[in-house]
There are 2 protein chains.
Amino acid sequence: MSAQRADWQRNHQRLLEVAAAVVARDGAGASLEAIAREAGIGSATLHRHFPSRHALLDEIFLDGVTALSRRADEPDDEPGRALRRWVEELTAYAASTRGLAATLATERASELDCRGILFDAATTLTRRAATTLRPGVTATDLLRLSTAISTATEGDPDTARRLIRLALAGVSLEEREPS
Amino acid sequence: MSAQRADWQRNHQRLLEVAAAVVARDGAGASLEAIAREAGIGSATLHRHFPSRHALLDEIFLDGVTALSRRADEPDDEPGRALRRWVEELTAYAASTRGLAATLATERASELDCRGILFDAATTLTRRAATTLRPGVTATDLLRLSTAISTATEGDPDTARRLIRLALAGVSLEEREPS
DNA sequence: ACCTGAACACCGTTCAAGT
DNA sequence: ACCTGAACACCGTTCAAGT
């Protein structure tokens, strides 16, 4: 590893830490100029490190999302319950992590970004729980519901949890076909 | 009515029409400068007519939302179905009307804005359907779910309809308490 | 190779000055 | 009374110039 590469890594790391703090404070729409300013670099340098806002946001949340995705592997003898619990945790986590919900709502650029990682986890859980699910329900549906709710309840994870539980269980007591 | 007041009304009406067109094209975050420019007025005048972005957006959508709220009064001998159908229509309408979902997601300023009107309609339907609903489910819950989904699916009313149906019916086939 | 200052084309908001 | 041009303090993006 060259000295330049080590330098770059240090700057990169520092930039990410500052960016995470600013996004936690100002949300997904935080000023990129403010991030560069607080990191002590030029805004042009920020743009070279991260070609888009989404690229920056995605890297900020990558560790937390990866940790959450691992929890999908915990064994559970009731796969339906395991799926519901994980989706509930994802929704509450995204609602309490400023900027994450908006990041997940953006179309992903690569297979290895936050959304791709969560999609893989959701797919595994959905497959295991397939027999307990209403026919036609996909991992994509569950992620869309979760992201929609966490986006709408940013900063209020209790409400997020309540709404995703409601959506997973259904609003009505009646027996019906959804279509 | 003075000539000045008539003038103002004409300008106001023209401004609203232009604003509606620009928002339909550019979304809820449309440039207020662009709206003023296309309406042929100064941006300062726009700000005097509408003290906030929300005030402008709300007035743009008022007619459509009022029409939708009236449909809650149509009689139905199955109040649970009536509620579900109306919430589904609201969600699809908001998803297909650019800028409306974001407007509904904003905390309301008055009792007579779009959100207040929809809240009244949802409250009526929810009360009629109370015995068919899971205990504790409120009109606010249903509006929050609808707005969350339509915000996340702007421009795709078919997906919006599919997701709100799923949320109303429940994802799982199992009998459970949502706790 | 890497970074930066400066320029560019935008914003929203406000207010003195005009009519 | 009403409207406007202009000013102000910001943006994101790009690039020639520096080291």
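All chains are named by letter (A, B, ...) in the order of the sequence lines, taking the proteins before the strands, and each is independently numbered beginning at 1.
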**Prompt:** His12(B) has an atom NE2; how far is it from atom P of dA1(D), in whole Å?
**Reply:** 20 Å
**Message:** When you measure from the side-chain N and O atoms of Arg37(B) to the phosphate of dT4(D), is any distance below 4.0 Å, counting only OP1 and OP2?
**Reply:** no
**Asked** Tell me: CG of Asp26(A) to C1' of dC10(D), nearest whole Å?
**Response** 14 Å
**Message:** Can you work out whether Ile41(B) or Ala30(A) has the more 5'-proximal nearest nucleotide on DNA chain D?
**Reply:** Ile41(B)
**Message:** Testing the basics here: between Ser43(A) and Ala36(A), what is the closest heavy-atom pair and its distance to 0.1 Å?
**Reply:** CA-CB, 3.7 Å
**Message:** Nearest to the side chain of Ser31(B), heavy atoms from C-beta on, is which of dT13(D), dG12(C), dG5(C)?
**Reply:** dG12(C)
**Request:** Can you tell me the distance, in whole Å, between the CD atom of Glu38(A) and the P atom of dC11(D)?
**Result:** 11 Å
**Item:** Residue matched to dC11(C) through Watson-Crick or wobble contacts both under 3.5 angstrom
**Value:** none
**Message:** If you only use heavy atoms from C-beta on, which nucleotide in dT14(D), dG5(D), dT13(C) is closest to the side chain of Ala44(B)?
**Reply:** dG5(D)
**Prompt:** dT14(D), dG12(C), dT4(D): which one has an atom nearest the side-chain heavy atoms of His47(B)?
**Reply:** dG12(C)
**Sugar-phosphate, base or nothing in reach of Thr45(A), heavy atoms under 4.0 Å** = base
**Prompt:** Do His12(B) and Glu59(B) have side-chain N/O donor and acceptor atoms under 3.5 Å apart?
**Reply:** yes
**Item:** Whole angstrom value for the distance that separates P of dT4(D) from CG of Leu15(B)
**Value:** 11 Å
**Asked** How many Å lie between CG on Leu46(B) and P on dC2(D), as a whole number?
**Response** 16 Å
**Item:** Qualifying residue, where the test is salt bridge (Lys or Arg N to Asp or Glu O under 4.0 Å) with Glu88(A) and the options are Arg71(A), Arg162(A), Arg81(A), Arg161(A)
**Value:** Arg161(A)
**Item:** Given dT14(D), dT13(C), dG12(D), the nucleotide with the shortest approach to the side chain of Leu32(B)
**Value:** dT13(C)
**Asked** Looking at side-chain heavy atoms only, is the closest gap between Thr138(A) and Leu143(A) below 4.5 Å?
**Response** no
**Asked** What is the distance from CD of Glu33(A) to P of dA7(C), rounded to the nearest Å?
**Response** 15 Å
**Prompt:** Going by an N to O cut-off under 4.0 Å, is there a salt bridge joining Arg128(B) and Asp76(B)?
**Reply:** no
**Which nucleotide in dG12(D), dT14(D), dT14(C) has an atom nearest any side-chain atom of Arg53(A)** = dG12(D)
**Request:** State the pairing partner of dT4(D); accept Watson-Crick or G-U wobble contacts with both distances under 3.5 Å, and report none otherwise.
**Result:** dA16(C)
**Request:** Mind calculating the distance between CZ (Phe50(A)) and P (dT13(D)) to the nearest angstrom?
**Result:** 14 Å
